[in-house]
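Okay, structure first, notes after.
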Amino acid sequence: PWSQSKCTTAQTLGFKWFPSQGLYLNRERALKEINDLGISIILLSRRNLLTRFYSRQKAVKFNVWHSTDLKNLSKPTREEYMEGKLSIDIRTFIQTLVRWKKESEAMQVLCQQATRCLQITYTQLTSQSTHGDTMRRIFKFLNISAENFHPDASIGVRRRLSGGNQTSSSRFIDKVENSEEVRFALQGTVFEEMLE
């Protein structure tokens with residue numbers, strides 16, 4: 001994926017590269033090209049893989065990837081969506097968490113070894129209390145003037161990033177129908193601490 005992502009005929013202002021696109025298989029080559037070309041990286045990550053899994057499963061089930069997609073749901077489906085309860089398939093759940101952990105670690109190493117990398121979390125970007133400061137950090141990192149930036153003006157962006165997956169509880173375990181089964185499956189794993 002790395003060689004296909006490179007653009008040699010036009011100036012590329014930016015692109016998105018997901019860890020699932022083979023980064024942990026091509027990290028050394030990617031790092032060399034990133035540093036040789038002077039590419040700046042902004043690593044946007046979710047620290048809690050359980051909430052990431054929940055958000056993805058919910059998006060797949062309802063085909064709602066952004067809050068703007070809610071308008072396409074019928075009223076009963078929208079109510080079910082807002083309730084937010086999901087049943088988790090334990091087998092695919094654990095496999096996915098293990099794969100995501102590997103991919104996340106590869107991204108962290110890449111960021112540590114890259115010449116220019118800024119790490120921010122999804123929570124920092126979407127939280128009302130940190131959104132403005134996080135955007136200013138991004139502007140500064142990219143050498144873009146933040147003189148005309150006002151956090152209130154970007155509230156629509158923050159809502160689109162977070163609004164589609166908000167439910168009454170922020171704890172992953174409270175949003176799961178088969179919570180006892182999930183707790184049992186995570187006991188003694190590195191993911192257990194993410195339950196709280």
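Note: hydrogens, waters and symmetry copies are ignored here, and every other heavy atom, side chains too, is used. The model shown is predicted, which means the values in this text are computed figures rather than measured ones. In what follows, residues are counted from 1 in the order of the sequence shown.
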*For the pair Glu80 and Lys75, find out whether any cationic side-chain nitrogen is under 4.0 Å from an anionic carboxylate oxygen.*
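Answer for the salt bridge query: no.
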Open item on the list: Looking at Lys32 and Glu28, is any side-chain nitrogen of the basic one under 4.0 Å from a carboxylate oxygen of the acidic one?
Closed with: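 Answer for the salt bridge query: no.
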- Query: Should the heavy atoms of other residues, nucleotides or ligands under 6.0 Å from CD of Glu177 be counted, would the total exceed 12?
  - Reply: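 Yes, because the 6.0 Å sphere around CD of Glu177 holds more than 12 heavy atoms from other groups.
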| field | Exceeds 12 heavy-atom contacts within 6.0 angstrom, atom NZ of Lys61 | value |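 Result for NZ/Lys61: enclosed.
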Quick one: [atom1] on [X] to [atom2] on [Y], what's the gap to the nearest 0.5 Å?
| X | Y | atom1 | atom2 | result |
| --- | --- | --- | --- | --- |
| Ser179 | Phe172 | OG | CZ | 9.5 Å |
| Cys117 | Ile39 | SG | CD1 | 12.0 Å |
| Lys58 | Asn63 | NZ | CG | 13.5 Å |
| Leu49 | Leu97 | CG | CG | 6.0 Å |
| Leu118 | Lys140 | CG | NZ | 11.0 Å |

| Ile120 and Ile138: CA distance, side-chain angles, deciding distance, side chain to side chain contact (heavy atoms under 4.5 Å, CB included) verdict | CA-CA 9 Å; Ile120 57 174; Ile138 292 170; 3.5 Å; yes
Practice problem: Quick one: do Leu110 and Ile34 satisfy side chain to side chain contact (heavy atoms under 4.5 Å, CB included)? Show the steps, please. | Solution: CA-CA 10 Å; Leu110 179 75; Ile34 284 168; 4.1 Å; yes
Checking the side chain of [X] only, and the main-chain atoms of [Y] only, is there a donor and an acceptor separated by less than 3.5 Å?
| X | Y | answer |
| --- | --- | --- |
| Tyr54 | Gly84 | yes |
| Asn178 | Ser87 | no |
| Thr51 | Asn48 | yes |
| Ser45 | Arg47 | no |
| Lys85 | Asp174 | yes |
| His131 | Thr126 | no |
| Thr189 | Leu186 | yes |
| Ser104 | Trp100 | no |
| Arg136 | Gly132 | yes |
| Glu105 | Lys102 | no |

(Q) Determine whether Arg116 and Phe141 satisfy the following criterion, side chain to side chain contact (heavy atoms under 4.5 Å, CB included), listing intermediate values before the conclusion. (A) CA-CA 9 Å; Arg116 279 184 48 80; Phe141 178 75; 3.6 Å; yes
* Give me the ring orientation class for Phe93 and Phe53: parallel if the planes are under 30° apart, tilted from 30 to 60°, perpendicular past 60°. =>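 Ring orientation of Phe93 relative to Phe53: perpendicular.
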With heavy-atom distances below 4.5 Å as the criterion, would you say the side chains of [X] and [Y] are in contact?
| X | Y | answer |
| --- | --- | --- |
| Ile90 | Val182 | yes |
| Thr96 | Arg99 | yes |
| Leu43 | Gln108 | yes |
| Gln113 | Asn35 | no |

Report task. Start with the C-alpha distance between Glu103 and Met107, add both sets of side-chain angles, then the distance that settles side chain to side chain contact (heavy atoms under 4.5 Å, CB included), and finish with yes or no. Result -> CA-CA 6 Å; Glu103 293 168 357; Met107 290 298 280; 5.7 Å; no
Side-chain heavy atoms under 4.5 angstrom apart, residues restricted to Ile, Leu, Val, Met, Phe, Trp, Tyr: same cluster for Val109 and Leu44?
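No; tracing contacts between hydrophobic side chains, which count when under 4.5 Å, never links both residues.
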key: same_hphob_cluster(Leu31, Leu37) at 4.5 Å side-chain heavy-atom cutoff   =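 In one cluster with Leu31: Leu37, yes.
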Exercise for the section: Assess whether side-chain hydrogen bond (donor to acceptor under 3.5 Å, both in side chains) is satisfied between Thr121 and Thr123, documenting all intermediate values. Expected result: CA-CA 5 Å; Thr121 67; Thr123 304; 4.6 Å; no
With Leu50 as reference, evaluate Glu192, Met194, Lys175 under the side-chain contact (heavy atoms from CB on, under 4.5 Å) test and give the passing residue.
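Only match with Leu50 under side-chain contact (heavy atoms from CB on, under 4.5 Å): Met194.
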If I compare all heavy atoms of Ala185 with all of Ile94, which pair ends up nearest, and what's the gap?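 In terms of heavy atoms, the two residues are closest at O-CD1, 4.2 Å.
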